[in-house]
Structure formats: C-alpha cells, structure tokens
2 protein chains.
Amino acid sequence: MNSLFKALSHPVRRRIIAMLRKGPLASGDIAAAFDMSWPTITGHLNALKEAELVSTERDGQSIRYRLEISAVEEALAFLMDLSGTGETKEEDHHD
Amino acid sequence: MNSLFKALSHPVRRRIIAMLRKGPLASGDIAAAFDMSWPTITGHLNALKEAELVSTERDGQSIRYRLEISAVEEALAFLMDLSGTGETKEEDHHD
DNA sequence: GTTGCATTTAGCGAATACCCTAATTAGTTT
DNA sequence: AAACTAATTAGGGTATTCGCTAAATGCAAC
C-alpha cells in the first residue's frame, strides 16, 4: 500500500497509468511518448509493477504492460474511507 | 495535484490524515501520537498543507489542523477516472 | 550461432526527502 | 516587559529518488 501511493506520486508514472487505461501497451510505445530515455521509463515501469499497478506479459519480443485496476481500486478505497464517500450516508445505489 | 499525491505517499502523512478524519486537532496532539520529534511532524504537516489536504486556524496559542475533504476528492476523481468510476461488479477484496 | 531489435540492468552524479537537535517566532499570562 | 507554552524554522547528516549513458539480456529470424 505504501508503494502504491509512492508509485502514484510521480507525474510521469501517473501519465503512464492514464495511457494504459485505454489498453495494454509495449514498453517502447510508452517510452516513445516521453521526452526521456528509455531506461528511465523502465525504472518508472518497475515502480508501477512493484506497486502492482501494472502487470506484464510477453508478446514475442516486446513486453506488454497492462493496468491492474484492482490496485487503483485499493487506493480508491483508502480515499473513500477518508472522505466518507460510499458510506455513512443514505446515498446508495447498486445497479 | 502533484503535491497531492506526493503528500499521500508517506505513511505518516496518511496516518495524520486518518486522524484528522474524526475532527480537527492541534499540532501538538498530532505530534504526540507519533514516535518522532515534533519538528518532523511539522514538516509533514507542511507537506499536507502545501497539497491543500489540510487547512489551519489559530485557536489561542495552539493551531488547529483540519482535513480538507475537497483535496481528498480531487485524488478520488483522478483514480475514479482511471478505474471506470464506480462500475464495481463485485466486491472481493481483503486487506 | 550470429545478427538485429526490444527491453532491462548496472553504475553514477545531482537533487530531493526524511529525521534529528538547537534556535526562533507567536501568543498568553502575570 | 519577562516568563511560559505551542509551534515553526534553520541547519545538517544520511537515505532515497531521478535522470543519464553504456553494457547486458531475451527473442526472433537468418
């Protein structure tokens, strides 16, 4: 949980996560979207992976990074608990 | 927004926020709850304040720190956007 | 096995974060 | 104003983070 928020604390990593929202991407595609060296991006991807915010799978010679929604939801749960969203209120619907 | 997640990235600061959920507290009360020096806690409070996660008001000679829910909700909005905003199909998590 | 492409690891310097103690500011009371 | 309390700022040591370049690894095709 600590690594989760730590991973979220860097703008580049948040941007990577936002990119991944549309679907999995290869490391190179991600690196190409930034004005930084590829190894630097790999470092950020490792941070995201350690926080279990992304998972990886090989696809031939490239490696696909996929967003792990469950980790995002874990952070969400923490913040919702702080703000009171989703409980202690009568607003409740589940469809 | 960057300082928001950065503020959230430290366990002590998250714990402070959790304490403040129940209501405003003086700096000294917060510092007393931790096994760290008071100036260190002041540093964390400053980080929270810069992220606008807390606001302060004087109360005589002490200063009261209050949780600013709107900042929490801002983080919440970011994460909800990533996850698909409350389309929870099943609640199956254990912490 | 060697060449070539995609990606990661290794190693390093600079900047930032974290924690401490000592000194200082701000407000209250006398 | 001086003494007392609450809280912050200043300064410094160490750990961690962030970015880079160069070298290494993994896979696929020849």
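First the proteins, then the strands, lettered A, B, ... as listed; each starts at 1.
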Between dC18(C) (P) and N2(A) (CG): distance, integer Å: 10 Å
Using a cut-off of 4.0 Å on non-hydrogen atoms, how would the nucleic acid contact of A26(B) be classed: base, sugar-phosphate, or nothing? sugar-phosphate
Mind checking S37(A) for me? I need base, sugar-phosphate or nothing, with any heavy atom below 4.0 Å counting as a touch. base
Please tell me which of the listed nucleotides, dT7(C), dT8(D), dT16(C), lies nearest to the side chain of T42(B)? dT8(D)
With sugar-phosphate meaning primed atoms plus P, OP1 and OP2, does T40(B) contact a base, only sugar-phosphate, or nothing at under 4.0 Å between heavy atoms? base
I'd like to know if the side chain of R66(B) reaches the main chain of L25(B), judged simply by a donor and an acceptor atom lying under 3.5 Å from each other, with no hydrogens or angles considered. no
R13(B) side chain to L8(B) main-chain N or O, any donor-acceptor pair under 3.5 Å? no
Integer-rounded Å distance: dA26(C) P and W38(B) CH2: 16 Å
Any base atoms under 4.0 Å from R64(B), or only sugar-phosphate, or nothing? Heavy atoms, all strands. nothing
Using 0.5 Å steps for rounding, measure from the CD1 atom of I41(B) to the CG atom of L45(B). 7.0 Å
For S9(A) and G60(A), find the nucleotide of DNA chain D closest to each by heavy atoms; which residue's nucleotide sits nearer the 5' end? S9(A)
Can you check the N46(B) CG to dT8(D) P distance for me, whole Å? 7 Å
For Y65(A), answer base if it contacts any base atom (sugar-phosphate contacts may also be present), sugar-phosphate if it contacts only those atoms, and nothing otherwise; contact means non-hydrogen atoms under 4.0 Å. sugar-phosphate
Just how far, in rounded Å, is P of dT8(D) from NE2 of H44(B)? 13 Å
Tell me: CZ of F34(A) to P of dC20(D), nearest whole Å? 12 Å
Select base, sugar-phosphate, or nothing to describe what S27(A) touches, counting heavy atoms under 4.0 Å on all strands. sugar-phosphate
Heavy-atom donor-acceptor pair, R15(B) side chain to F34(B) backbone, under 3.5 Å: no
Report the distance from atom CG of D59(A) to atom P of dC27(D), rounded to the nearest whole Å. 13 Å
Check every strand shown and say whether K49(B) touches a base, only sugar-phosphate, or nothing at a heavy-atom separation below 4.0 Å. nothing
For dT16(C), take OP1 and OP2 only and decide whether either is under 4.0 Å from a side-chain N or O of H10(B). no
Tell me yes or no: between the side chains of E68(B) and S55(B), is some donor less than 3.5 Å from an acceptor? yes
R58(B) CZ - dT8(D) C1' separation (whole Å): 10 Å
Using atom NZ of K6(A) as one end and atom C1' of dA15(D) as the other, report the distance to the nearest whole Å. 11 Å
What nucleotide among dC19(C), dT8(C), dA6(D) has an atom nearest to a side-chain atom of M36(B)? dC19(C)
5'-most contact on DNA chain D (nearest-nucleotide basis), T56(B) vs P39(A), goes to T56(B)
